[in-house]
Amino acid sequence: MSDRPTHSSPTPELPSVRNTLRDTEALYTAITTATRGLTQSSLPLHPAQAHHPWPDFLVQALRRALLAWYADQGRVLPWRNIDDPYAIWVSEIMLQQTQVKTVLPYYQRWLAQFPTVETLAAADQQTILKAWEGLGYYARARNLHQAAQRMVSDHQGEVPRDFATLTTLPGIGKTTAGGILSSAFNLPHAILDGNVKRVLARLVALPVPPAKALKDLWQLSERLLDPVHPRDFNQALMDLGATLCTRRQPQCDRCPWQGHCQAYNRNSQSELPMSEAKGPLPHKQIGVAVIWGDRNQILIDRRKQEGLLGGLWEFPGGKIEPGETVEACIGREIQEELGIEVAVGDRLCTVTHAYSHFKVTLNVHHCTHLSGEPQPIECDEVRWVTLDTLDEFPFPKANSHIIDALRAYAAGQPTLDRGESVPPA
DNA sequence: CAGGCGTGGTG
DNA sequence: TCACCAAGCCT
């Protein structure tokens, strides 16, 4: 439970939410009151409230201070100081909602495997998803593939250099387009990623969650952008957010903008930016089948392109209905989705996993194929495979635990359990 | 336009 | 432990 101020709609039946709302109002009142009293360092509190524009001398001072800090303290990253718009584009996509440390090994492997737009466009999707396996948000990989094909067919195999064309490509929105254009071509396009939102929200002591002030934050990012050094300025702004102006324990004593930061001036940097109050994630119980066929083969299926984990392989199964046993669920789901009869046997393992918007418990059972030819009724493809060829298929993280348990089972070892199994109905 | 869409790190 | 968050985009 976070103690940070949050912004939420009134929910009368929940006292904690009422308190949260009161905190929000108190903070807003404190900030606006303090701002009215300020005569110096007169940054507008909130761009939309600011009838006066940010004066040039102030903007220039901010740019100079940030660029000087960046020249000295900026990070060294493999997608910087390179002349390869394709590689920069790949890095921008991988870095969406993903930390630098996580991206680094994927980025290096990706460029070795798909060194150019043409090689990426020509690859098949399964190969691409395998290279992306474990990175999450798999639509990014599917979109990267499609965009590469369009660059080849419509743009001479090159990354487009204008904002309008770039943003028509799948997976490239406003921030990614700005990142590519500024980083690859040093063109003056602003960005507004998580780092920049946090830095700017603190700079102006934004009294609402950034999501409620996107238009204003974009205007501010555009106003501050150095038109002469857009590449360095954007990178510097992100570095500031990633290394000093972090969400927790920001190092304000080392910040080049300390003297101009409204959050620091009020000592509210640890309270900002404000976050949206979100409820607990729903938890789903899933029955999963490891279906054994002839010659020690196992049945897996490829998920549909759209939606969760699109294009990845999995062990078939589905949601346990209220009052239903795991065994009954598995038998029903396999009949509905694959059109075959199985005998549901012993439990192999139980896996809990948290996605971005819900949690699951996978109740995995051994099954024996009885009759019928598997049909791809609610998936794109089904295939019998042996245990030692599972590596060739891209699987979601939750399924890798099942594979581990399967290998341990095949090796005659005791199985590993994670989470709680469903009580019998 | 709020919610769908992964995974690993963190306090 | 577990809720929250990290270089967002799409519908």
Side-chain angles (χ1 to χ4, degrees), chain A residues 1-4 6 8-9 16 75 77 79-80 88-107 129 132-144 146-147 166-180 182-183 190-199 209-212 214-215 217-218 221 234-243 245-249 270 273-283 303-312 314 352-360 394-401 419:
Chain A
M1 180 64 181
S2 171
D3 58 353
R4 306 172 67 235
T6 56
S8 64
S9 302
S16 60
R75 291 175 294 180
L77 297 170
W79 42 85
R80 285 186 182 166
I88 290 170
W89 166 48
V90 169
S91 78
E92 291 286 340
I93 301 300
M94 286 188 172
L95 287 162
Q96 290 170 3
Q97 299 294 107
T98 309
Q99 298 191 15
V100 167
K101 187 170 64 174
T102 304
V103 165
L104 284 172
Y106 282 91
Y107 174 80
L129 286 175
W132 199 271
E133 184 181 41
L135 203 49
Y137 287 133
Y138 297 93
R140 292 184 294 173
R142 303 193 302 269
N143 288 335
L144 213 38
Q146 291 179 17
L166 217 38
T167 49
T168 65
L169 296 172
I172 300 180
K174 205 173 170 186
T175 281
T176 300
I180 293 170
S182 62
S183 188
I191 58 174
L192 190 63
D193 61 9
N195 285 315
V196 177
K197 284 174 189 167
R198 185 172 55 258
V199 169
K212 303 289 184 189
L214 290 184
K215 187 177 178 184
L217 290 171
W218 269 110
S221 181
N234 281 343
Q235 298 294 321
L237 206 46
M238 287 190 286
D239 275 16
L240 187 62
T243 64
C245 197
T246 50
R247 190 175 68 83
R248 285 174 296 217
Q249 297 176 341
S270 63
M274 302 179 66
S275 67
E276 301 270 9
K278 286 172 188 166
L281 300 179
H283 193 144
R303 295 175 61 91
K304 288 182 286 196
Q305 288 287 306
E306 306 78 28
L308 185 71
L309 307 168
L312 272 66
E314 65 176 4
T352 63
H353 187 79
Y355 293 100
S356 50
H357 54 300
F358 66 95
K359 298 178 185 176
V360 290
F395 280 92
K397 190 64 178 63
N399 277 254
S400 69
H401 292 131

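Values reported hereafter were calculated over all heavy atoms of this structure, with side chains retained and with hydrogens, waters and symmetry mates removed. What you are looking at is a predicted structure, and each value in this text was computed from that prediction instead of being measured. Lettering follows sequence order; numbering is per chain, from 1.
Nucleic acid contact for A:V196: none, since no nucleic acid atom lies under 4.0 Å from a heavy atom of the residue. Among the heavy atoms of the strands, none lies under 4.0 Å from A:G241. Heavy atoms of A:P280 sit nowhere under 4.0 angstrom from any nucleic acid atom. A:W132 comes within contact range of no nucleotide atom at all, as no heavy-atom separation falls under 4.0 Å. Contact annotation for A:G194: backbone-only contact, meaning every heavy-atom pair under 4.0 Å involves sugar-phosphate atoms and none involves a base. Residue-level contact check: A:L77 touches the bases, meaning some heavy atom is under 4.0 Å from a base atom.
Between A:H357 and B:dG4, a side-chain N or O to OP1/OP2 separation shorter than 4.0 Å is absent. Contact between the side-chain N/O atoms of A:R198 and the OP1/OP2 oxygens of C:dA6 is found at a separation under 4.0 Å. Look at A:K359 and you'll find a side-chain N or O under 4.0 angstrom from OP1 or OP2 of C:dA3.
Judged by distance alone, the side chain of A:R247 and the main-chain N or O of A:R198 form no donor-acceptor pair under 3.5 Å. Between the A:T98 side chain and the A:Q96 main chain, a donor and an acceptor come within less than 3.5 Å of each other. In this structure, A:T175 contributes its side chain and A:L192 its backbone to a donor-acceptor pair below 3.5 Å.
Under the 6.0 Å cut-off for aromatic ring centres, A:Y355 and A:H357 do not qualify, their centroids lying 6.0 Å or more apart.
Note: CD1 (A:I180) to P (C:dC9) measures 9 Å, nearest angstrom. Put simply, NZ on A:K197 is 9 Å from P on C:dA6, counting in whole angstrom units. Separating the CG atom of A:L281 from the P atom of C:dC4 is a distance of 8 Å, rounded to the nearest angstrom. A:I172 has its CD1 atom 15 Å from the P atom of C:dG8, to the nearest Å. The nearest whole Å value for the distance from the CG atom in A:N143 to the P atom in C:dT11 is 8 Å. In this entry the distance linking NE2 of A:H283 with P of C:dC2 reads 11 Å, nearest Å. We find that CZ of A:F358 is positioned 10 Å from C1' of B:dG4, with the value rounded to whole Å. Distance, A:E133 CD to B:dG6 P: 14 Å, rounded to whole Å.
Comparing B:dG6, C:dG8, B:dC5 by their closest approach to the side chain of A:T98 singles out B:dG6. Among the nucleotides B:dC5, C:dC5, B:dG6, the one closest to the side chain of A:S275 is C:dC5. Considering only side-chain atoms of A:Q96, the nucleotide from C:dC5, C:dG8, B:dC5 that sits closest is C:dG8.
Nearest heavy-atom pair, A:G310 versus A:R142, reported as atom, atom and distance to 0.1 Å: O-NH1, 3.0 Å.
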Which atoms of nucleotides 7-11 of chain B (N or O only) lie under 3.5 Å from a protein N or O atom, and what are those distances?
unit_1: B:dT7; atom_1: OP1; unit_2: A:Y138; atom_2: OH; d: 2.8
unit_1: B:dT7; atom_1: OP1; unit_2: A:K397; atom_2: N; d: 2.8
unit_1: B:dT7; atom_1: OP2; unit_2: A:H353; atom_2: NE2; d: 3.0

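Projected onto DNA chain C by closest heavy-atom contact, A:T167 and A:R75 fall at different nucleotides, the more 5' of which corresponds to A:R75. Take the nearest nucleotide of DNA chain C for A:G171 and for A:L95: the residue whose nucleotide is more 5' is A:L95.
Under the rule for a side-chain contact (heavy atoms from CB on, under 4.5 Å), the partners of A:S183 that lie at least two apart in sequence or sit in another chain are A:I88, A:Q235.
In this structure, the side chains of A:Y137 and A:N143 stay at 4.5 Å or more apart for every pair of heavy atoms.
Nucleotides B:dG9 and B:dC5 are separated by 24 Å at their P atoms, to the nearest Å. With both ends at atom P, the span from B:dG11 to C:dA7 equals 15 Å, rounded to whole Å. A distance of about 12 Å separates the C1' atoms of C:dA6 and B:dG6, rounded to the whole Å.
Residue A:K304 holds its NZ atom at 15.0 Å from CG of A:L312, rounded to the nearest 0.5 Å. Taking CE of A:M94 as the start and CG of A:L144 as the end, the distance is 7.0 Å to the nearest 0.5 Å.
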